[in-house]
Amino acid sequence: MTFEQSDKNQLVAKLSSEEMYETGLAYALAYNNEYMVDVISNILLLGKQKINFKTKQSRIAVEIIKKDNFDCEIKFNIMPSYKLENNTIVVCEPIIFAFENLDNLISASISLFNNYCKLVYHSTLFFMDNKYYLIINSTNDTKGLATNLLLEYGKLSGKGEVAASFPDEYGKLLIKNNAIDKLAYYFKGA
């Protein structure tokens, strides 16, 4: 089992198929039960010890990626701190971006997914007037990291519920939920 820290907020554990069985991960993945939490926690603890990965009592998102040769990667991502009001995550009003072509939209989605996907709570994609309209609900406003990244590829088209209803009413719905995630997943090798 090897560990690497891709940045200060991500630890990646790489396990061979034999190590998956030795650690109990193969069994845990098959049954997705409380035992899985213990196995994943133990792998995270081992990684923290081996490469001094600091989590500072943060929430951690876990992504398990099975490889073709039955090996796997486990990505431990420290979740950003969200502003909470009455124990509820505050999500800003919808922000709409227009993209002139599909290449810019795909590049923006891949870049956003790889860097700031945890900042986007919801995303929807429409096509209207020969442009692609991406509507996001972010945990930060129009001055945030996710917005700034998208502005490198497209233009800010509007903000708020009223502006978001326009593509919904007059455009063609292409992807209803998790548009950024789906575009990044299907086109990351393109």
**Asked** Within a strict 4.5 Å, meaning less than it, do heavy atoms of the Thr124 and Tyr133 side chains meet?
**Response** no
**Asked** Is there a side-chain contact between Leu125 and Leu105 (heavy atoms, below 4.5 Å)?
**Response** yes
**Asked** Which atom names give the shortest non-hydrogen contact between His122 and Asn177, and what distance separates them?
**Response** NE2-OD1, 2.9 Å
**Item:** Heavy-atom side-chain proximity of Tyr153 to Ser111 below 4.5 angstrom
**Value:** yes
**Item:** Pairwise ring-ring contact (aromatic ring centres under 6.0 Å, His included) hits with a residue in residues 1-25, at least two apart
**Value:** none
**Asked** What are the two closest non-hydrogen atoms of Ser123 and Ile136, and how far apart are they?
**Response** CB-CG2, 4.1 Å
**Asked** Could you give the distance from OH (Tyr132) to CD1 (Ile175), rounded to the nearest 0.5 Å?
**Response** 10.5 Å
**Asked** Would Met36 end up clustered with Leu44 when hydrophobic side chains under 4.5 Å apart are linked, directly or stepwise?
**Response** yes
**Asked** If two hydrophobic side chains count as joined below 4.5 Å and joins carry through other members, does Leu174 share a cluster with Ile95?
**Response** yes
**Message:** So does Gly154 get a backbone contact from the side chain of Asn104, meaning a donor-acceptor N/O pair under 3.5 Å?
**Reply:** no
**Message:** If you define the side chain from C-beta out and look only at heavy atoms, does anything of Leu183 sit under 4.5 Å from Ile110?
**Reply:** no
**Message:** Applying the side chain to side chain contact (heavy atoms under 4.5 Å, CB included) criterion to Leu112, which one of Leu134, Thr147, Val120 satisfies it?
**Reply:** Val120
**Request:** Let me see the working for Lys131 and Glu100 under side-chain contact (heavy atoms from CB on, under 4.5 Å), right down to the final yes or no.
**Result:** CA-CA 5 Å; Lys131 292 182 184 173; Glu100 296 291 328; 3.3 Å; yes
**Asked** Do Ile40 and Ile74 pass the side-chain contact (heavy atoms from CB on, under 4.5 Å) test, and can you show the C-alpha distance, the side-chain angles, and the key distance before you say yes or no?
**Response** CA-CA 9 Å; Ile40 299 293; Ile74 305 172; 4.1 Å; yes
**Prompt:** Transitively linked via ILVMFWY side-chain contacts under 4.5 Å: Leu173 with Phe99?
**Reply:** no
**Prompt:** Taking a hydrophobic cluster as the set of Ile, Leu, Val, Met, Phe, Trp and Tyr residues connected by side-chain heavy atoms closer than 4.5 Å, whether directly or through intermediates, do Met128 and Phe97 fall within one such cluster?
**Reply:** no
**Asked** With the threshold set at 4.0 Å, does a side-chain nitrogen-carboxylate oxygen contact exist between Lys14 and Glu4?
**Response** yes
**Message:** Could you check whether any side-chain heavy atom of Gln10 comes within less than 4.5 Å of a side-chain heavy atom of Gln5, counting everything from C-beta outward?
**Reply:** no
**Item:** Hydrophobic cluster identity match, Met20 and Leu11, side-chain contacts under 4.5 Å
**Value:** yes
**Request:** Output, in order, the C-alpha distance, side-chain angles, deciding distance and verdict of side-chain contact (heavy atoms from CB on, under 4.5 Å) for Cys72 and Leu25.
**Result:** CA-CA 10 Å; Cys72 84; Leu25 182 61; 3.7 Å; yes
**Prompt:** If we only count heavy atoms from C-beta on, is the Pro167 to Ile135 side-chain gap below 4.5 Å?
**Reply:** yes
**Request:** For side-chain contact (heavy atoms from CB on, under 4.5 Å), just list the numbers for Thr2 and Val12, CA-CA rounded to whole Å, side-chain angles, deciding distance to a tenth of an Å, and then say yes or no.
**Result:** CA-CA 8 Å; Thr2 60; Val12 178; over 6 Å; no
**Request:** Check whether any side-chain heavy atom of Ile43 sits under 4.5 Å from a side-chain heavy atom of Phe76, and report yes or no.
**Result:** yes
**Item:** Note, Asn42 side chain near Thr23 side chain (heavy atom, < 4.5 Å)
**Value:** no
